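Just follow the structure's listing: the first ligand is 1, and inside any ligand the first atom is 1. What you see is a predicted model, and the numbers here were worked out from it, not measured in a lab. What you see below is based on every heavy atom in this structure, not just the backbone, and it leaves out hydrogens, waters and symmetry mates.
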Amino acid sequence: MPSLGRRPPPWQGAQRVGAAPLLTETAPFALRAAMSEDPNDWEPSTRLIRGGLARSAHGETSEALFLTQSFVYDSPESAEARFKGEEPGFVYARYGSPTVKMFEDRLALLEGAQACRVAASGMAAVHLSLTGLLKAGDHVVAGRALFGSCRWILQTWAPRFGVEVTLVDGPDTEAWRAAVRPNTRVFFIETPANPLLEICDIAAISQIARAANAKVIVDNVFATPLYQSPLKLGADVVVYSATKHIDGQGRVLGGAILADTALIDEAYRDLIRHTGPALSPFNAWILLKGLETLELRVHRQTATASALADRIAAHPKVLACRYPGRPDHPQYEIVQRQMSGGSTLIAFDLGSQAAAFRFLNALEIVDISNNLGDAKSMATHPCTTTHRALAEAQQLEIGLTPGWVRLSVGLEGPADLARDLDRALDAA
Ligand SMILES: *Cc1c(COP(=O)(O)O)cnc(C)c1O
């Protein structure tokens with residue numbers, strides 16, 4: 001008998017690999033029945049290729065792109081059951097949809113997290129991660145060196161809703177302890193931090209938070225899921241801008257929150273449903289394909305960055321070079337304990353804004369851009385771009401003086417990049 005058109009396709013033959021399904025937000029994909037493999041035992045490379053893969057009945061090789069706003073039901077009884085959460089399946093794309101769910105499951109498997117929810121940008125994810133845990137009268141402690149928009153949310157936006165914020169010197173673990181108040185609910189850590197790659201001790205700060213009954217959120221963008229696992233170090237929530245290394249090819253914005261299922265359900269599930277930060281399925285699909293090559297790209301970018309950092313540090317025009325993989329990094333001891341790789345980013349001080357601008361103007365291959373994690377190498381002058389909203393005194397508090405340049409190392413040939421940097425450093 002041909003289908004009457006109301007029936008959903010025969011999903012029963014489909015395969016689903018990866019994280020545990022969330023009952024109300026999972027398509028009716030069945031797990032591969034005879035699978036003895038546990039995806040949680042896979043290496044990162046395998047997780048990045050196979051995690052979350054949910055094939056439709058067509059058996060497509062590549063992840064399918066489901067552009068649909070809503071979903072249809074076989075019967076009113078089925079619709080009722082799905083709304084009650086008694087029958088698995090999607091109900092509306094603001095709550096979840098198949099391609100987006102594949103991206104969430106793949107990220108969760110990679111991170112070793114029970115659950116993941118994605119958002120339309122990294123900042124949407126950061127904003128959610130905070131508001132889901134806070135109410136008027138609560139207090140947040142955060143490191144002072146932060147991505148500009150994160151600092152704006154904490155310093156300018158949160159106080160409007162009666163949330164108090166204390167910014168501390170992130171690498172100074174005792175400063176976090178001293179900042180705790182009876183109403184402290186959240187610690188927000190960015191490490192390595194913008195723009196000078198300073199490092200906070202996630203395990204030690206998480207211990208202080210636990211004793212204070214506060215939750216720890218880690219913005220893990222610079223480290224990527226490959227080099228640092230905050231949940232294993234005691235953090236409660238990890239946030240990403242998927243815009244950076246996860247896309248890594250300059251195309252779309254995206255963000256993610258990862259945590260235990262209980263915390264995601266309690267703090268974020270309804271907030272996401274009703275405030276609508278949903279990631280477009282198209283962008284989720286781009287980011288899923290980005291994950292397939294994440295490890296290759298990040299390892300290659302790190303290898304090049306590591307060699308370039310030594311070269312930059314040795315150049316006579318450079319007063320200081322900050323790279324988490326170098327023993328002269330001020331927090332190198334913490335790097336060795338909590339990170340399994342260096343970074344794709346380097347920061348260095350050329351002494352003055354004029355020298356930094358001469359350097360940037362002499363670059364021929366590396367772009368002048370404030371983005372990072374991209375296949376294309378990019379350099380930026382934080383004082384006049386990403387951190388220009390900070391008063392000079394605030395810039396000084398995080399060690400940012402006008403000579404600093406931040407370099408994001410891409411996938412170009414290492415020898416070509418070395419030549420471009422040598423030329424620009426000579427001109428500085
Ligand atoms: C880029 C970035 C963000 C914000 O991400 P968007 O995708 O640009 O919204 C947050 N934190 C850090 C550390 C970042 O680098």
Q: Tell me which protein heavy atom sits closest to atom 12 (C) of ligand 1, plus the residue, atom name and distance to 0.1 Å.
A: Asp219 OD2, 3.4 Å
Q: To the nearest 0.5 Å, what is the distance between CD (Glu198) and OG1 (Thr191)?
A: 8.0 Å
Q: Is any NZ, NE, NH1 or NH2 atom of the basic residue among Glu364 and Arg419 found under 4.0 Å from an Asp or Glu carboxylate oxygen of the other?
A: no
Q: Could an N or O of ligand 1 be found under 3.5 Å from any N or O of Ser241, whether backbone or side chain?
A: yes
Q: Of the protein's non-hydrogen atoms, which lies at the shortest distance from atom 7 (O) of ligand 1, and what is that distance?
A: Thr243 OG1, 2.5 Å
Q: Do Asp310 and Arg326 meet the salt-bridge criterion of a basic N to acidic O distance under 4.0 Å?
A: yes
Q: For the pair Glu60 and Arg55, find out whether any cationic side-chain nitrogen is under 4.0 Å from an anionic carboxylate oxygen.
A: no
Q: List ligand 1 atoms under 4.0 Å from Ser121, heavy atoms only on the residue side.
A: 7 (O), 9 (O)
Q: Taking Arg337 first and then Glu333, would you say they form a salt bridge - that is, a charged N and a carboxylate O separated by under 4.0 Å?
A: yes
Q: I'd like to check whether Met123 has a polar contact with ligand 1, where a contact means an N/O of the residue lying under 3.5 Å from an N/O of the ligand.
A: yes
Q: For ligand 1, which is the ligand I care about here, please tell me if Cys150 has any N or O atom under 3.5 Å from one of the ligand's N or O atoms.
A: no
Q: Phe222 heavy atoms, cut-off 4.0 Å: which ligand 1 atoms fall inside?
A: 15 (O)
Q: Is a side-chain donor-acceptor pair under 3.5 Å present for Asn183 with Glu164?
A: yes
Q: Do me a favour and list the nearest non-hydrogen protein atom to atom 1 (C) of ligand 1 with residue, atom name and distance?
A: Lys244 NZ, 1.3 Å
